[in-house]
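What follows is one structure encoded as structure tokens, with my remarks underneath.
FYI, side chains are in, hydrogens and waters are out, and symmetry mates aren't considered; it's all heavy atoms of this structure.
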Amino acid sequence: MTHSANYTQKPRRGRGPARRVGRTLALVLPVMLVLSGTLAVTRVNWSGSSADSILTASSQNVSARAKSRAPQDVLRDKLLLELQDKDPGIALTHLQQEMHERPSLAKHCVSIARALGRAAVQAYGPSRAQSFARPVCDTAFATGVATAARG
């Protein structure tokens with residue numbers, strides 16, 4: 001009898017699928033526990049008030065600068081207020097003046113005129129709003145009026 005006949009091969013450790021699953025869990029489980037703990041802490045209302053808000057502890061008394069508004073947004077809001085206070089014709093005239101004074105806003109002219117058209121329909125109705133149309137930004141105001149009248 002030779003020595004090799006009695007030899008039985010032992011299974012190797014650490015190469016099976018169970019070992020790979022164990023390693024994956026060992027890496028993923030701590031990360032998941034930390035994330036869930038962090039989320040749980042941020043959901044707690046640490047301020048003591050009865051307000052039911054998420055992230056109350058981090059959102060109270062934040063002294064961050066307000067976002068600066070784009071010039072076209074400021075102009076649109078100004079003209080929409082003017083449309084409400086006076087009439088769409090005056091707002092369109094001022095839109096045309098702004099386009100001549102600040103050509104950089106010309107690419108926003110159509111969207112501003114359409115917004116004015118939609119607001120004019122809400123304030124004056126479709127037929128009266130259409131009577132204020134001016135040749136500003138092609139036919140964008142009329143398009144806004146037509147869109148709001150259909151919808």
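Closest approach of V110 to A140, counting heavy atoms only: O-CB, 3.6 Å. Between A120 and P88, the closest heavy-atom pair is CB-CG, 3.8 Å. The minimum heavy-atom distance linking A149 with V121 is given by the pair N-CG1, 4.3 Å. Pairing each heavy atom of A91 with each of E82, the nearest pair is CA-OE1, 3.5 Å. Here the closest heavy-atom approach between residue A115 and residue L80 is recorded as O-CD2, 3.8 Å.
Atom CG of L81 and atom NZ of K86 lie 11.0 Å apart (nearest 0.5 Å). The CZ atom of R118 sits 11.0 Å away from the CZ atom of F141 when rounded to the nearest 0.5 Å. Within the model, atoms CE of M99 and NE2 of H108 stand 8.5 Å from one another, a figure rounded to the nearest 0.5 Å. Here the straight-line distance linking atom CD1 of I112 with atom CG of L75 works out to 4.5 Å at 0.5 Å rounding. To the nearest 0.5 Å, the span separating CG on L83 from NZ on K78 amounts to 13.5 Å. Rounding to the nearest 0.5 Å places CD of Q72 at 7.5 Å from NZ of K107.
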CA sep, side-chain torsions, deciding dist, call: T147, R114, side chain to side chain contact (heavy atoms under 4.5 Å, CB included)
CA-CA 9 Å; T147 304; R114 283 185 186 155; over 6 Å; no

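Using a distance-only test at 3.5 Å, with no hydrogens or angles considered, a donor-acceptor pair links the side chain of R134 to the main chain of F132.
In terms of hydrophobic clustering, with Ile, Leu, Val, Met, Phe, Trp and Tyr side chains grouped at heavy-atom distances under 4.5 Å, V136 and L105 are assigned to a common cluster.
With sequence neighbours excluded, no residue forms a side-chain hydrogen bond (donor to acceptor under 3.5 Å, both in side chains) with R128.
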